[in-house]
Amino acid sequence: SDYAIVIHGGAGTILRKDFTPEKETLYKKVLQEALQIGDSILRNGGSSLDAVEKTIRILENSPLFNAGKGAVFTNSGKNELDASIMWGKDLNAGAVAGVDDIKNPISAARKVMENSEHVMLSGHGASEFAKTQGLEIVDQSYFFTQNRWDHLQEILKKEKEMTPEDRHG
Amino acid sequence: TVGCVALDKDGNLTAGTSTGGMMNKRFGRIGDSPIIGAGTYANNASCAVSCTGHGEFFIRLGVAKDISSMMEYQNISLEEASNKAIDKLTQIGGTGGIIGLDKNGNIVMKMNTNGMYRAYSNSKGETEILIYK
């Protein structure tokens with residue numbers, strides 16, 4: 001192929017019986033939107049780096065997936081996000097870990113790759129770096145989604161051990 | 001977790017992964033997503049890979065880099081290397097999936113779970129969106 005793009009929105013216990021047709025349509029719509037953004041960039045001669053970043057931003061901005069808005073909650077009721085990016089041309093790479101106020105962590109990962117001498121920045125320092133790069137910083141409440149919160153409360157209430165069925169990527 | 005791999009018209013591969021981590025995690029736990037070589041890897045000489053699943057297992061196996069290394073050192077296809085990586089993951093009790101692209105635009109979407117939200121498209125006009133196994 002001249003160009004190609006592949007995306008994922010997590011793997012886990014995804015059963016047909018848990019999915020109404022409406023829910024399935026909702027997920028496919030966001031996947032389609034993300035795919036189209038990346039495909040469009042590549043079709044017009046853009047770089048794979050741009051395609052990957054812009055595509056992932058769409059998925060991060062959707063509450064359906066466990067990244068960005070829609071991220072799951074930690075035991076203490078926070079959202080902690082991680083992201084990384086790597087360019088195959090020169091093996092350059094960037095990553096952020098445990099950040100809680102960067103709207104699009106994938107863009108922060110790219111900034112780390114391009115504008116720092118490091119590969120991975122974490123926590124508060126990563127956020128400070130993101131600010132210097134002009135990335136959008138948001139209040140923690142931006143990442144709140146009711147269903148993820150309810151799921152955490154359910155887990156905490158039952159004090160149950162995590163099982164493979166609870167892990168969705 | 002979400003991820004994306006892409007091959008552009010200049011032949012450059014990129015891989016990216018972003019995640020909210022594991023529900024109910026504590027103590028600043030970090031999974032494989034931000035760790036280059038575990039959950040994300042790209043090399044124009046071989047492939048681009050993004051992973052999703054139980055991060056501790058992907059870290060221990062260095063899954064993304066392992067697929068690239070198998071292609072380079074064993075001279076096997078992305079398809080074959082990905083199958084071997086998922087087999088290794090399954091053998092130690094890990095669950096999850098990977099997406100990958102090689103320098104020729106060959107696509108893989110592998111998992112050992114019931115499903116994975118995934119999709120692809122290419123310059124041939126081929127496109128597909130899938131959820132279940």
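- Judged by distance alone, with hydrogens and angles left aside, the side-chain atoms of B:Thr113 form no donor-acceptor pair with the main-chain N or O of A:Thr13 at under 3.5 Å.
- Nearest approach of B:Met23 to A:Val72, heavy atoms of both residues: N-CG2, 3.4 Å.
- Side-chain contact between B:Asn12 and A:Leu49 is absent, with no heavy atoms from C-beta onward closer than 4.5 Å.
- Interface summary for chain B: among A:Arg43, A:Glu80, A:Arg16, A:Glu60, the most heavy-atom pairs under 4.5 angstrom belong to A:Arg16.
- With rounding to the nearest 0.5 angstrom, the CD1 atom of B:Ile30 is 7.0 Å from the CE atom of A:Met120.
- Heavy-atom distances place both the backbone and the side chain of B:Ile129 under 4.5 Å from chain A.
- With a threshold of 4.5 angstrom between heavy atoms, B:Ile98 does not approach chain A through any atom at all.
- For the side chain to side chain contact (heavy atoms under 4.5 Å, CB included) criterion with A:Val6, the lone passing option out of B:Asn122, B:Ile99, B:Val108 is B:Ile99.
- Below 30°, between 30° and 60°, or above 60°: for A:Phe19 and B:Tyr117 the angle between ring planes is between 30° and 60°, a tilted geometry.
- Chosen from A:Asp82, A:Asn104, A:Leu42, A:Val119, the residue pairing most often with chain B at heavy-atom distances under 4.5 Å is A:Asp82.
- Looking at heavy atoms from C-beta onward, B:Val5 lies out of side-chain contact with A:Val52 at the 4.5 angstrom threshold.
- Both B:Met116 and B:Leu101 are members of a single hydrophobic cluster when ILVMFWY side chains are connected at heavy-atom separations under 4.5 Å.
- B:Tyr132 touches chain A through its side chain: at least one heavy atom from C-beta onward sits under 4.5 Å away, while N, CA, C and O do not.
- One finds the CD1 atom of A:Ile14 at 11.0 Å from the CG atom of B:Leu130 (value rounded to the nearest 0.5 Å).
- Within the 3.5 Å criterion, the main-chain N or O of A:Ile106 finds no donor-acceptor partner in the side chain of B:Ser18.
- Around atom CG of B:Asn75, no more than 12 heavy atoms belonging to other residues, nucleotides or ligands sit under 6.0 Å away.
- Test A:Ile56, A:Leu31, A:Asn66, A:Leu64 against B:Val2 for side chain to side chain contact (heavy atoms under 4.5 Å, CB included) and you get one pass: A:Ile56.
- Distance check, rounded to the nearest 0.5 Å: CD1 of A:Ile58 to SG of B:Cys4 gives 11.0 Å.
- Between chain A and the options B:Cys51, B:Gly20, B:Gly55, heavy-atom pairs under 4.5 Å are most frequent for B:Gly20.
- Residue A:Met86 holds its CE atom at 6.5 Å from CG of B:Asn43, rounded to the nearest 0.5 Å.
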* Evaluation steps, side chain to side chain contact (heavy atoms under 4.5 Å, CB included), between B:Leu7 and A:Ser48 -> CA-CA 6 Å; B:Leu7 170 69; A:Ser48 55; 5.9 Å; no
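- Put simply, CD on A:Gln32 and OG1 on B:Thr127 are 5.5 Å apart, with the number rounded to the nearest 0.5 Å.
- Each of B:Ser50, B:Gly28, B:Ala48, B:Gly39 has some count of heavy-atom pairs under 4.5 Å with chain A, and the biggest count is that of B:Ser50.
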* side chain to side chain contact (heavy atoms under 4.5 Å, CB included) assessment of A:Leu152 paired with B:Asn24 -> CA-CA 7 Å; A:Leu152 175 67; B:Asn24 200 27; 3.8 Å; yes
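- Linking Ile, Leu, Val, Met, Phe, Trp and Tyr whenever their side-chain heavy atoms come within less than 4.5 Å leaves B:Tyr41 and B:Val63 in two separate clusters.
- Judged purely by atom type and a 3.5 angstrom limit, A:Lys89 has no side-chain atom pairing as donor or acceptor with the backbone of B:Asn44.
- Under a hydrophobic-cluster definition in which Ile, Leu, Val, Met, Phe, Trp and Tyr are linked whenever side-chain heavy atoms come within less than 4.5 Å, directly or via other members, A:Val30 and A:Leu35 are assigned to the same cluster.
- Of the listed residues B:Met109, B:Arg26, B:Lys133, the one with more heavy-atom pairs under 4.5 angstrom with chain A than any other is B:Arg26.
- No part of B:Cys47 comes within reach of chain A, as not one of its non-hydrogen atoms sits under 4.5 angstrom from that chain.
- Chain B forms more heavy-atom pairs under 4.5 Å with one residue of A:Val99, A:Asp90, A:Leu15, A:Asn79 than with any other, namely A:Leu15.
- The contact between A:Ser47 and chain B is made by backbone and side chain atoms together, counting heavy-atom distances below 4.5 Å.
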* **Stepwise side chain to side chain contact (heavy atoms under 4.5 Å, CB included) test for A:Trp87 and B:Thr14** => CA-CA 5 Å; A:Trp87 201 26; B:Thr14 298; 2.9 Å; yes
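- A:Val96 and B:Pro34 get closest at one heavy-atom pair: O-CB, 3.5 Å.
- Annotation: the span from B:Arg29 atom CZ to A:Thr74 atom OG1 amounts to 12.0 Å, rounded to 0.5 Å.
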